Amino acid sequence: MFKLLKTEGRARRGEFSCAHGGAVQTPVFMNVGTQAAIKGGVDAFDLREVGCQIELSNTYHLHLRPGDGLIRRLGGLHKFMNWDGPILTDSGGFQVFSLASLRRIKEEGVYFSSHIDGQKIFMGPEESMRIQSNLGSDVAMAFDECVENPAAYEYAKASCQRTLRWLERCKREHDRLNALPDTVNPGQLLFGINQGATFPDLRVWHMEEIAKLDCDGYAIGGLAVGEPTQVMYDIIDAVEPHMPREKPRYLMGVGTPSNIIEGVARGIDFFDCVMPSRNGRHGKLFTWEGTVNILNAKHATDDRPVSERCGCPVCRRFSRAYLRHLFKAEETLGLRLAVLHNLYFYNELTAKIREALDEGRFADFRAEYSEKLAARV
RNA sequence: GGGGGAGUUCCAGAGCGGUCAAAUGGGGCAGACUGUAAAUCUGUUGCUUCGGCUUCGGUGGUUCGAAUCCACCCUCCCCCA
């Protein structure tokens with residue numbers, strides 16, 4: 001399921017397989033399609049075009065609309081969105097954070113009032129597992145509480161203890177569902193999620209506890225939610241030595257191109273982030289030279305592509321002037337092209353990281369790009 | 001020819017004696033965005049050597065003080081002939 005091919009320092013080069021993917025090459029960036037679509041008008045065929053290896057969708061959102069029962073009846077999420085590659089589903093734990101004003105947390109689970117129509121929705125570990133089972137994703141994420149930073153120590157402690165109890169319930173329900181005769185994807189894997197806010201002792205304790213549950217992979221959650229970047233790196237440094245070496249590690253929701261390089265350097269294999277799609281829709285384009293704001297006046301007459309060294313379908317065909325025009329004219333084609341470019345960049349970034357690892361020069365790669373990619377050009 | 005209405009900062013459009021460099025939209029310029037309630041949100045938008053200076057169709061006037069009141073002129077719109 002996960003094969004560690006090579007290491008350089010703490011950085012890892014690996015291969016991950018699941019029911020819909022022979023070998024996902026890691027480190028990998030998962031392309032985010034929350035509602036079974038990449039925002040900005042990008043579909044499953046486009047995902048192939050931009051080099052996506054694995055897609056991510058969301059339990060809470062698909063449960064609300066169109067409903068996981070419906071998706072199950074229509075043959076599962078892969079068929080529904082016509083993506084036959086690997087899919088990881090986030091559990092709804094992030095919505096405990098992002099929809100904080102619309103929910104109440106109890107021991108049994110979380111009571112949401114739907115952000116769409118206010119309807120009362122209960123989601124606990126078992127519900128999240130059932131929904132993800134109905135979706136038939138290849139990797140289900142444990143239902144957790146993503147705690148906002150900065151957090152009070154006592155709250156973070158009680159929360160990660162509860163998240164541990166929830167993981168035990170997730171595991172039990174997940175195993176039960178996988179064994180049912182009519183399960184959509186009986187090969188579905190389960191990843192546990194580490195929490196503990198910015199407190200190294202909580203993080204390490206929690207990681208050691210969840211490691212005992214023998215999940216198929218382990219994620220670090222609850223980062224990039226308010227704390228300074230250096231604190232995020234420090235927490236990864238603290239937790240990583242306690243993560244099972246032979247299992248994939250996923251840093252949830254992260255991040256900027258340089259966050260990804262720094263995450264790899266700290267032993268992370270999987271990443272996901274809305275940044276390439278959201279920032280793309282907002283006119284911010286990632287390149288090897290730094291970030292381009294295509295809306296800036298200086299691009300109005302620029303006939304060059306967004307990046308001379310980018311091989312993406314957008315840079316091969318269109319100029320900065322044209323892209324800027326599309327944004328200014330509010331043509332949705334602009335959003336689509338920007339998102340395609342950014343996803344291509346993120347997928348290429350991880351491809352280059354893998355290449356560097358394969359050739360034993362990741363340290364050089366990191367030194368060259370980690371800061372450079374944060375520049376604005 | 002007669003009657004009525006209107007001209008405000010890039011645009012639309014408030015303001016109708018001082019608290020007006022002038023509301024609010026739009027446009028322009030810039031910024032934010034990290035397991036997506038986000039094609040969203042925020043700032044800024046006359047000039048300035050930061051003391052002030054020049055703006056509300058034009059000219060002249062009333063007033064301590066005018067985008068706001070008066071006179072004439074210019075332009076545009078509507079109705080009647």
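Below, chain A is the first sequence line, B the second, and so on; all start at residue 1. Just so you know, these numbers use all the heavy atoms, side chains as well, and skip hydrogens, waters and symmetry mates. These numbers were taken from a predicted model, which means no experiment stands behind them.
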### Message
Distance check, C1' atoms only: B:A22 and B:U8, in whole angstrom units.
### Response
9 Å
#### Entry: Heavy-atom donor-acceptor pair, A:Ser258 side chain to A:Leu373 backbone, under 3.5 Å
no
#### Entry: A:Gln195 CD to A:Thr163 OG1 distance, which is reported to the nearest 0.5 Å
5.5 Å
### Summary
Between A:Val32 and A:Arg281, the residue closer to the 5' end of RNA chain B by nearest nucleotide is A:Val32
### Query
Using purine N1 to pyrimidine N3 plus N6-O4 or O6-N4 for Watson-Crick, or N1-O2 and O6-N3 for G-U wobble, each under 3.5 Å, what pairs with B:C69?
B:G61
### Task
Answer with base, sugar-phosphate or nothing: what part of the nucleic acid does A:Lys328 contact at a heavy-atom distance below 4.0 Å?
sugar-phosphate
### Query
Taking the side chain from A:Asn149 and the backbone from A:Gly222, do they hold a donor-acceptor pair closer than 3.5 Å?
yes
### Query
Does B:C10 pair with anything, Watson-Crick or G-U wobble, both distances under 3.5 Å, and if so, with which nucleotide?
B:G26
#### Entry: Atom P, compared across B:A12 and B:G17: separation rounded to whole Å
25 Å
### Query
If only side-chain N and O atoms of A:Thr332 are considered, is one of them under 4.0 Å from the OP1 or OP2 phosphate oxygen of B:A39?
no
### Contact under 4.0 Å: A:Lys39 side-chain N or O vs B:A38 OP1/OP2
yes
### Query
With respect to the phosphate group of B:G31, does any side-chain polar atom (N or O) of A:Asn293 fall under 4.0 Å of OP1 or OP2?
yes
### Query
Looking only at side-chain N and O atoms, does A:Arg278 come under 4.0 Å of OP1 or OP2 in B:U34?
yes
### Task
Remember a base hit wins even if backbone is also touched, and classify A:Glu227 as base, sugar-phosphate or nothing at under 4.0 Å, heavy atoms.
nothing
### Message
Whether A:Arg376 contacts B:C33 is assessed here as follows: a side-chain N or O lying under 4.0 Å from the phosphate OP1 or OP2. Is that the case?
### Response
no
### Query
Considering Watson-Crick and G-U wobble pairs with both distances under 3.5 Å, what does B:C50 pair with?
none
### Query
Parallel, tilted or perpendicular: which fits the ring planes of A:Phe362 and A:Phe365, with parallel below 30° and perpendicular above 60°?
parallel
### Query
Which whole number of Å gives the distance between the P atom of B:A37 and that of B:G46?
37 Å
### Message
Would you measure the distance from the C1' atom in B:A21 across to the matching atom in B:G52 and give it in whole Å?
### Response
13 Å
### Task
With P as the reference atom in both, quote the distance from B:U68 to B:G58 in angstrom, rounded to an integer.
10 Å
### Query
Is the ring centre of A:His115 less than 6.0 Å from the ring centre of A:Tyr60?
yes
### Message
Under 3.5 Å for both donor-acceptor distances, Watson-Crick or wobble: does B:A38 have a partner, and if so which one?
### Response
none
### Message
Any base atoms under 4.0 Å from A:Gly40, or only sugar-phosphate, or nothing? Heavy atoms, all strands.
### Response
nothing
### Query
Within the pair A:Asn58 and B:G35, is there a side-chain N or O less than 4.0 Å away from OP1 or OP2?
no
### Message
Looking at A:Asn279, I'd like to know whether one of its side-chain N or O atoms comes within less than 4.0 Å of OP1 or OP2 on B:U34.
### Response
no
### Task
Please work out whether B:G51 sits syn or anti, treating a glycosidic angle within 90° of 0 as syn.
syn
### Task
Fit a plane to each ring of A:Phe2 and A:Phe16, take the angle between them on a 0 to 90° scale, and name the class: parallel (under 30°), tilted (30 to 60°) or perpendicular (over 60°).
tilted
### Query
Where along residues 141-178 of chain A does a heavy atom fall under 4.0 Å from RNA chain B?
A:Asp144, A:Cys146
### Task
Determine the contact category for A:Gln95: base if any of its heavy atoms lies under 4.0 Å from a base atom, sugar-phosphate if only primed atoms, P, OP1 or OP2 are that close, otherwise nothing.
sugar-phosphate
#### Entry: Distance (rounded to the nearest 0.5 Å) between A:Met141 CE and A:Leu167 CG
10.0 Å
### Message
Are A:Phe271 and A:Tyr346, when compared by the centres of their aromatic rings, separated by less than 6.0 Å?
### Response
no
### Query
Across the strands shown, which category fits A:Arg103 at heavy-atom distances under 4.0 angstrom: base, sugar-phosphate, nothing?
nothing
### Summary
Partner of B:A81 under the Watson-Crick or G-U wobble criteria, both distances under 3.5 Å, comes out as none
### Query
Nearest-Å distance, CD1 (A:Ile38) to P (B:U36)?
12 Å
### Message
What's the separation between atom CD in A:Gln35 and atom CG in A:Leu62, rounded to the nearest 0.5 Å?
### Response
7.0 Å
### Presence of A:Arg65 side-chain N/O under 4.0 Å of B:A37 phosphate oxygens OP1/OP2
no
### Rounded distance in Å - CG (A:Asn342) to P (B:U34)
15 Å
### Contact under 4.0 Å: A:Lys284 side-chain N or O vs B:C33 OP1/OP2
no
### Task
Would you kindly give the CD1-to-P distance between A:Ile87 and B:G35, to the nearest whole Å?
18 Å
### Query
Across the strands shown, which category fits A:Ile116 at heavy-atom distances under 4.0 angstrom: base, sugar-phosphate, nothing?
nothing
### Task
May I have the distance from A:Leu295 (atom CG) to B:C41 (atom C1'), rounded to whole angstrom?
14 Å
